[in-house]
Structures are given as structure tokens and as C-alpha cells.
> 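The structure's right below; bear with me while I get my questions together.
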Amino acid sequence: MITVLTGGTGGAKFVDGLRQVIAPEELTIIVNTGDDLLWWGLYVSPDIDSITYVLSGMLSKERGWGVKGDTFFCLQHMGQLGQPTWFHAGDRDLAVHILRSKLLAEGKTLSEVTTEIADKLGVKARILPMSNSRVETRVGTPLGELSFEEYFVQRWYQDPVESIRFAGAADAEPAPGVIDAIVNADVVLLAPSNPITSIGPILAVPGVREALHKTRGRIAAVSPIVAGEAVAGPAGILMASQGLPVSVAGVAQAYHDFLDMLIVDVRDTEAADELRKSGLRVQVAKTVMRTMEDKAELASAVLSAVRGQSAAAADHA
Ligand code: GDP
């Protein structure tokens, strides 16, 4: 079993590669829910949606979020009705938010709802929210605390970041299956997702970090930072705000207590040499994914690197 920890953008691209090279039944995806929000009274789980859409072949690759070919009639009309429109939910996307909200209101858990929607859309891999409890990423700025979507989507991550916290995390429980999927995995992969606000909330759920310490599976991460900056989005800004260097070394530092291998881009070959001196295994690959082939190649490279390492470790045992 391969278990992946992920957010919704870089993570969805990576999962798009994995689904091309391994059987979906082999794959368990643990997804960040710190970005979840109530939008027009509906429960939206942006990262779960992106992962569900990519695994069902519905994700808009141009936008990197939402359903491909979607229309935006409802959004347009809500604007005419004086409602906020900064979070761009398409019409087919909204159907998923409506169904999720309906099932949650009926008393189902987020895990149950996620499985039900994924099944309906033909997804064979297992998608697990990190927790069924509400954990909300809060970004402290001079304007006050913002939700992640307010900081990122509404305000284009322009505000100076003073603090980051995961409200509710201390009392949250991992969703059913999360700990088991980590402890019993052959391989645990951290997608090239934002280490602070995508992987960070998952690690903040009590028991998850301990499970990563305990697993017998090899743990590898793909760096979302290439040549000293994020491929997209605010990962660099957020890492710096937490005192981490914006580099592959910073990514290694964020995961230092459990990581076996870091996969870095070809542009970071020199930094990789430097990082190896710390004793960490570092694999260089082409990590910037533009085409389906790029994604499949990266997924294969990661799996063979991490499996090769497992075989080498077994030989030495
Ligand atoms: P979010 O939930 O939308 O924040 O999505 P993620 O956390 O999964 O993805 C955001 C991260 O993906 C950013 O830090 C980007 O640097 C990274 N990213 C996006 N595309 C790529 C890519 O093609 N290669 C790599 N290595 N990182 C990427």
C-alpha cells in the first residue's frame, strides 16, 4: 500500500502521476482539510475536491482546481444578488458542495461523505480527510486573522504573515483509517504540497507525526520548492514566516524528524549534494510537472528511488 499526504494543487498534479503508474486499489490519499470553508452556507473542502476530481479525471488542468469545462452561471447570478464571488465555484463543482453539505447535515461524517462522493464519481483509490473534526488554518496578518482561503484566494497572499495556527487541531482526532494507512504503508509519500499550510495541518492532527515515526514504510517527500522558490503560490512566504529557509534544505528541515528521502529538482543538484552531507538521502529528478508525461515520469522516479532504497536497506539487514 502506498499512502500519500497531500494538499490540493501540487499534490493533485503528483497524484495525477501516481494514478498513471500504480493500481488505484494500492493508493490511499490523506488530504488536508485545514482550507475547508463555508461558502454561501455550503461546506467546501477544496483539497478533497481537487484530489477527488483528479482521480476521477474531472479536474480542470488549465485552472488546477474545479471541474474541467464547468460553467459559472450560479456564481454570476449570486454576484447579481449581491453575494460575494471571490471564491470561484463552478456549477458542477457546486453540485458536489451541495451534496456534501446535505449529507453532513444528515449526520454523516466527512470521511463517509468523501467516500460516497468519490464512489459516485468512479474513484477507486481511497481518499481520507485528515480528520473528521474541524481544523482551520488561520493566518495572522496586520488585518487580523484570516482563513487560508481568505488569505490565499480572496487577498492573493499579499498580506504580511505574522502567525499561522491550526485552530481545533489539538482536540482533533485523525479520521478513521488515517493512522493505519500510515503505519501499515509500504511507502509514505509527501506530495510537493505546501509544507506549512497543506502538510502542516495534517502533521498537527494528534497521532499523525507519531504514526510517521512508527511506520516501517519508507517516507519520501517531493520538494515544492525549486531553485529557492515555490513553483506556485505562497509556500516560500509561509516557510520564511516560520523561520525556515526557502530552499530544499528548508523542506528537509520541516520534515526532519521522520523523512527518509527528499526528491529535489534537477535545478537543485548542488543543493542536493550539500543536503546529503546531513545524512539524508536525496534523489534528483525532474519535478516540475507540466504534461501528463512529466507527472507519470516523476511518480515512477519517486517510487523506484524509494523502493530501491527499501531493497538496499533489506540487503544490509
Ligand atoms: P494547495 O492546497 O492549493 O495549497 O496545494 P498544494 O499544497 O498541494 O500545492 C501547492 C504547492 O505545490 C506549492 O508550494 C507549489 O510550489 C507546489 N507545486 C505546484 N506545482 C508543482 C510542480 O509541478 N512541481 C513541484 N515540485 N511543486 C509544485
> Answer yes if Val226 and Leu275 sit in the same cluster of Ile, Leu, Val, Met, Phe, Trp and Tyr residues linked by side chain heavy atoms under 4.5 Å apart, and no otherwise.
no
> What pairs with Glu293 under side-chain contact (heavy atoms from CB on, under 4.5 Å), at least two apart in sequence or on another chain?
Thr291, Glu297
> Which residue in the set Asp49, Val123, Leu59 passes side-chain contact (heavy atoms from CB on, under 4.5 Å) when paired with Val54?
Leu59
> State whether the side chain of Asp70 and the backbone N or O of Asp93 hold a donor-acceptor pair below 3.5 Å, judged by distance alone.
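Such a contact is found between Asp70 side chain and Asp93 backbone.
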> Could you tell me which residues satisfy side chain to side chain donor-acceptor pair (under 3.5 Å) with Gln154, sequence neighbours excluded, listed by chain and number?
none
> Assert yes or no for the condition that the ring centre distance of Trp156 to Trp86 is strictly below 6.0 Å.
no
> Evaluate the criterion side-chain hydrogen bond (donor to acceptor under 3.5 Å, both in side chains) for residue pair His213 and Glu210; output intermediate values, then yes/no.
CA-CA 5 Å; His213 293 156; Glu210 291 74 7; over 6 Å; no
> Would Arg209 and Asp257 pass as an ion pair if we require N to O under 4.0 Å?
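Yes.
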> Using modelled atom types only, decide if a donor and an acceptor are shared between the side chain of Asn32 and the backbone of Ile202 within a distance under 3.5 Å.
no
> Taking distance alone, no hydrogens or angles, what donor-acceptor pairs closer than 3.5 Å link side-chain atoms of residues 233-249 to residues at least two apart or in another chain?
from   : atom 1 : to     : atom 2 : distance (Å)
Ser241 : OG     : Leu238 : O      : 2.7
Ser247 : OG     : Ala249 : N      : 3.3
Ser247 : OG     : Gly250 : N      : 3.2

> Please determine whether residues Leu55 and Leu99 belong to a single hydrophobic cluster, defined as Ile, Leu, Val, Met, Phe, Trp and Tyr linked transitively by side-chain heavy-atom distances below 4.5 Å.
yes
> Would you mind checking if Arg290 and Asp294 are paired as a salt bridge, meaning a charged N to carboxylate O distance below 4.0 Å?
no
> Please determine if Asp273 and Arg276 form a salt bridge, counting it only when a charged side-chain N lies under 4.0 Å from a carboxylate O.
yes
> Would you give the length of the straight line joining atom OG1 of Thr85 to atom CG of Leu75, rounded to the nearest 0.5 angstrom?
5.5 Å
> Any idea how Tyr157 and Tyr151 line up, ring-wise: parallel (<30°), tilted (30 to 60°), or perpendicular (>60°)?
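The arrangement is tilted - the two ring planes meet at 30° to 60°.
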